[in-house]
Amino acid sequence: QVQLVESGGGLVQAGGSLRLSCAASGGTFSRYAMAWFRQALGKKREFVAAILWSSGSTYYADSVKGRFTISRDNIETTVYLEMNSLKPEDTAVYYCAAKPTVVAAASGYDYWGRGTQVTVSS
């Protein structure tokens, strides 16, 4: 059973940085794509970033490109989301997701974590 546990959320001022972590277990993640999504209050969940575990290739939403970086640690089976130059509009619950695939994509994920809150104050 794949399990994903997010951590690292919190309150930060605009312009600041946070690093989210997603501890993954229960799967052969070398064959997976991993992703971060977010959902702001009253809005639909949206794609943020994805990484193909085997190659490390990445894919970002335009709204975070150049500010956020997704990466993975093979030994710890952990995925990170480094968030810099944070804006109030980045405020949301951030979710980690996973799916067995050969392509990093913005949709179609099978497994989800419970999320971690990120709040950016102005």
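Predicted model only: the values in this text are computed from it and were never measured. Keep in mind that the numbers below use all heavy atoms, side chains included, and drop hydrogens, waters and symmetry copies.
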_Non-hydrogen atoms of Leu4 and Ala24 that approach each other most closely_ =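 Smallest heavy-atom distance, with atoms named: CD2-CB, 3.7 Å.
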*Does a side chain donor of either Ser57 or Ser55 reach within less than 3.5 Å of an acceptor in the other side chain?*
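Ser57 vs Ser55: donor-acceptor pair found between side chains.
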* In terms of side-chain heavy atoms, does Asp73 have a donor or acceptor partner in Thr78 at a distance below 3.5 Å? ->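 Checked: Asp73/Thr78 side chains show no N/O donor-acceptor pair below 3.5 Å.
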Mark yes or no for whether [X], through its side chain, and [Y], through its backbone, hold a donor-acceptor pair below 3.5 Å.
X     : Y     : value
Arg38 : Glu46 : no
Glu6  : Cys96 : yes
Tyr60 : Ile70 : yes
Thr77 : Asn74 : no
Thr28 : Ser30 : no

Checklist entry - Out of curiosity, does Val120 fall in the hydrophobic cluster containing Val93 (side-chain heavy atoms, cut-off under 4.5 Å, transitive links)? => result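 Per the 4.5 Å side-chain linkage, Val93 and Val120 are not co-clustered.
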Query raised in the report: Cation-pi between Arg19 and Tyr80: NZ/CZ under 6.0 Å from ring centre and within 45° of the ring axis?
Result: yes
Identify whether the distance between the nearest side-chain nitrogen and carboxylate oxygen of Asp62 and Lys65 falls below 4.0 Å.
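Result for this pair is yes, salt bridge flagged.
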For Gln3, does the CD atom have more than 12 heavy-atom neighbours from other residues, nucleotides or ligands under 6.0 Å away?
-> no
One should read off an interatomic distance between Glu82 CD and Ser17 OG, to the nearest 0.5 angstrom, of 6.5 Å
Among pairs that include at least one residue of residues 97-122, which meet salt bridge (charged side-chain N to carboxylate O under 4.0 Å, His left out), considering only residues two or more places apart or in two chains?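 Sorted result for residues 97-122: empty, none.
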Worksheet entry | Ring centres under 6.0 angstrom apart (Trp112, Phe37) |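 They qualify: ring centres under 6.0 Å apart.
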For this session: Report the residues that fulfil ring pair (Phe, Tyr, Trp, His ring centres under 6.0 Å) with Tyr59, sequence neighbours left out, ordered by chain and then residue number.
Result: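 Per chain and number, Tyr59 pairs via ring pair (Phe, Tyr, Trp, His ring centres under 6.0 Å) with Phe47.
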